[in-house]
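For reference, the structure discussed in these notes is given below.
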Amino acid sequence: MSLWIPITIAAASFQTVRFMLQKSLSTVKLSAAGATFARFAYSMPLALLGLIVALQVTGFSVPPLTGWFWVYAVIGGTAQILATICVVALFKQRNFAVGITFKKTEVIQTAIVGFLVLGDQISYGGLVAILLGLMAVLLLSKSPGGDGAWWKHLTNRASRLGLGSGVLFAFSAVSYRGASLELGDIDAWFRALITLAAVVTFQFLSMALWLLWRDRAELLAVWQTRRTGVFVGLTSLGGSFCWFFAFTLQNAAYVKALGQVELLLSLFASILFFRETITRREIAGMALLGLSILALVLAI
């Protein structure tokens, strides 16, 4: 089995737990921006510490960080901040599992952005699997109890937040792959760690300055929720490293497509932890998405 497959599944697992923690923070104590900042505030020190330890243990040195590396890192980091805010805000519109499903529109968009920016190619079988996953997302686009044609519900607030986060996550994924590839011919895990440390430091500083200017009370709230925030940071660090590692090894669209296994994990979280009700329509959409994941693995 290719190394990127178990790494991607691990990334999806970490991310599910992180979103569960962020959902709890956003619905009780923090705004969408505050819950997003908590992720970077508590993961940045760990990322830098991990890089320092790796440098000491291996004797490696950080290669020159080119201008294009920073362009990709800043674009990816900014897009991820905005995308995460959209997802946390989305949790207030729909339940946890369906909120994650809307986010999964990023897969087909990542394939398009990856082709346009990096020239990444998608096989015929891989494209069919991705489109199958997109059909599942459209099946879930209708709000509970809503009337009328399904396509009319793509314009509601929940759908706009979900689709918007998908576009932004697509740009972040492709940008992170671009930044990692700029580091040259060094070990893939080391490229991932350097890129992660650079990006999360930028995200921490930019969001801290923003909140210091616009909402200082939210900075205090992030500190007051540190008992949960620390775990947000730990799961964020684990998930981000695995995503970056996978992006270094494989086409970002394939990584994101396999990462849809997160949806099945979020279904269990929605039912077991948040006691939310899942409709038959939503279960059907999730089953179709699971089928697309299986098709993708078989196609590659």
*Do the side chain of R177 and the main chain of Q250 share a donor and acceptor less than 3.5 angstrom apart?*
yes
*Pairwise distance CG(L212) to CG(L219) - rounded to 0.5 angstrom*: 6.0 Å
*Does the ring-ring contact (aromatic ring centres under 6.0 Å, His included) test come out yes or no for F37 and F204, once each step is laid out?*
CA-CA 7 Å; F37 176 65; F204 168 76; 5.7 Å; yes
*If you take all heavy atoms of L51 and F190, which pair is closest and at what distance?*
CD1-CE1, 4.0 Å
*Can you find a heavy atom in the side chain of I186 that is under 4.5 Å from one in the side chain of F60?*
no
*For F171, look at atom CZ and say whether over 12 heavy atoms of other residues, nucleotides or ligands are found less than 6.0 Å away.*
no
_Do I52 and L193 sit in one hydrophobic cluster, given that two such residues count as connected whenever their side-chain heavy atoms are within less than 4.5 Å of each other, even indirectly?_
no
_Taking the side chain as everything from C-beta on, heavy atoms only, tell me whether I194 gets closer than 4.5 Å to P63._
yes
*asked:* Please give me the minimum heavy-atom distance between S240 and L196, naming the atom from each residue.
replied: CB-CD1, 3.4 Å
*asked:* Under a 3.5 Å distance rule, please check whether Q203 uses its side chain to pair with a backbone N or O of G77 as donor and acceptor.
replied: yes
_From CG (L181) to CZ (F247), nearest 0.5 Å_ = 11.5 Å
*Looking at L118 and G178, what are the two nearest heavy atoms and their distance?*
CD1-N, 4.0 Å
_Residue among I9, T8, L3 satisfying side-chain contact (heavy atoms from CB on, under 4.5 Å) with I5_ = I9
*Do the non-hydrogen side-chain atoms of F244 and V199 ever get within less than 4.5 Å of each other?*
yes
*What closest approach, in Å, do A179 and A73 show between heavy atoms, and which atom pair accounts for it?*
CB-N, 4.2 Å
*Would you say V222 and L220 are hydrophobically clustered, going by side-chain heavy atoms of ILVMFWY under 4.5 Å?*
no
*Once you round to the nearest 0.5 Å, how far does CG of L237 lie from OH of Y42?*
15.0 Å
_Co-members of F14 in a cluster of I, L, V, M, F, W and Y side chains, linked at under 4.5 Å_ = none
*Linking I/L/V/M/F/W/Y whenever any side-chain heavy atoms sit under 4.5 Å apart, do Y176 and L168 land together?*
no
*asked:* Quick one: does any side-chain atom of S172 pair with a main-chain N or O of F169 as donor and acceptor, under 3.5 Å?
replied: yes
*asked:* Restricting to non-hydrogen atoms, name the atom on A10 and the atom on C242 that form the minimum distance, rounded to 0.1 Å.
replied: CB-SG, 4.0 Å
_Hydrophobic cluster (4.5 angstrom, side-chain heavy atoms) - remaining members for V57_ = L49, V53
*Please list all pairs passing the salt bridge (Lys or Arg N to Asp or Glu O under 4.0 Å) test where one or both residues lie in residues 48-63, with sequence neighbours left out.*
none
*Mind checking whether Y254 and W4 have side chains closer than 4.5 Å, heavy atoms only?*
yes
*asked:* Could you list the cluster mates of F202? Members are the ILVMFWY residues connected by side-chain heavy atoms closer than 4.5 Å, either directly or through other members.
replied: V74
*Considering non-hydrogen atoms only, spot the tightest contact between A173 and K256 and give its length.*
CB-CE, 3.7 Å
*Student check: side-chain heavy atoms of F69 and L183 closer than 4.5 Å*: yes
_Pairs meeting criterion side-chain hydrogen bond (donor to acceptor under 3.5 Å, both in side chains) with involvement of residues 204-217, two or more places apart_ = none
_In the structure I gave you, are the side-chain heavy atoms of I81 and F40 within less than 4.5 Å of one another anywhere?_
yes
_I need the full list of salt bridge (Lys or Arg N to Asp or Glu O under 4.0 Å) pairs touching residues 182-197, with sequence neighbours left out, sorted by first then second residue._
none
_Would you say L82 ends up clustered with V113 if hydrophobic residues are merged whenever their side chains have heavy atoms under 4.5 Å apart, either directly or through other cluster members?_
no
